[in-house]
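Heads up, the thing below is written out as structure tokens.
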Amino acid sequence: MVVAVLALLVVATVVAPAQAVDCRTASTRFNGICILDSSCANMCITEGFLAGGECEGLHRRCMCKTPC
């Protein structure tokens with residue numbers, strides 16, 4: 001029984017789906033402090049980043065996302 005559980009754990013970790021990685025770039029058009037992720041995402045989309053964007057960091061900068 002223990003061997004079967006260990007085998008399932010090994011298979012689950014090996015067969016786990018790969019996570020997509022996003023590269024992040026600071027928005028060039030967003031002005032001011034980034035408070036709403038939706039505002040940042042909309043600005044990033046207008047800049048050509050189809051993955052959107054999020055507010056990040058201590059200084060609350062708008063960071064646009066793109067698949068790496």
Side-chain angles (χ1 to χ4, degrees):
M1 181 74 161
V2 174
V3 174
V5 171
L6 288 175
L8 285 175
L9 286 174
V10 169
V11 169
T13 57
V14 171
V15 180
Q19 299 261 338
V21 177
D22 288 330
C23 291
R24 299 178 185 276
T25 305
S27 171
T28 57
R29 291 182 173 169
F30 194 92
N31 293 322
I33 297 173
C34 185
I35 296 173
L36 297 174
D37 286 337
S38 59
S39 297
C40 176
N42 289 335
M43 182 59 71
C44 290
I45 289 170
T46 63
E47 291 181 33
F49 294 93
L50 299 179
E54 296 176 341
C55 302
E56 289 185 359
L58 181 63
H59 298 290
R60 304 305 294 166
R61 294 177 47 182
C62 177
M63 300 299 288
C64 299
K65 300 184 296 184
T66 186
C68 292

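Residue numbers start at 1 and run along the sequence shown.
For D22 against C68, the heavy-atom pair with the smallest separation is C-SG, 3.6 Å.
Residue pairs meeting the salt bridge (charged side-chain N to carboxylate O under 4.0 Å, His left out) criterion with at least one member in residues 45-62, sequence neighbours excluded, are R24-E54, R24-E56, E54-K65.
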Could you tabulate the donor-acceptor pairs under 3.5 Å formed by side-chain atoms of residues 29-42, not counting sequence neighbours?
residue: D37; atom: OD1; partner: C55; partner atom: N; Å: 2.8
residue: N42; atom: ND2; partner: S38; partner atom: O; Å: 3.2

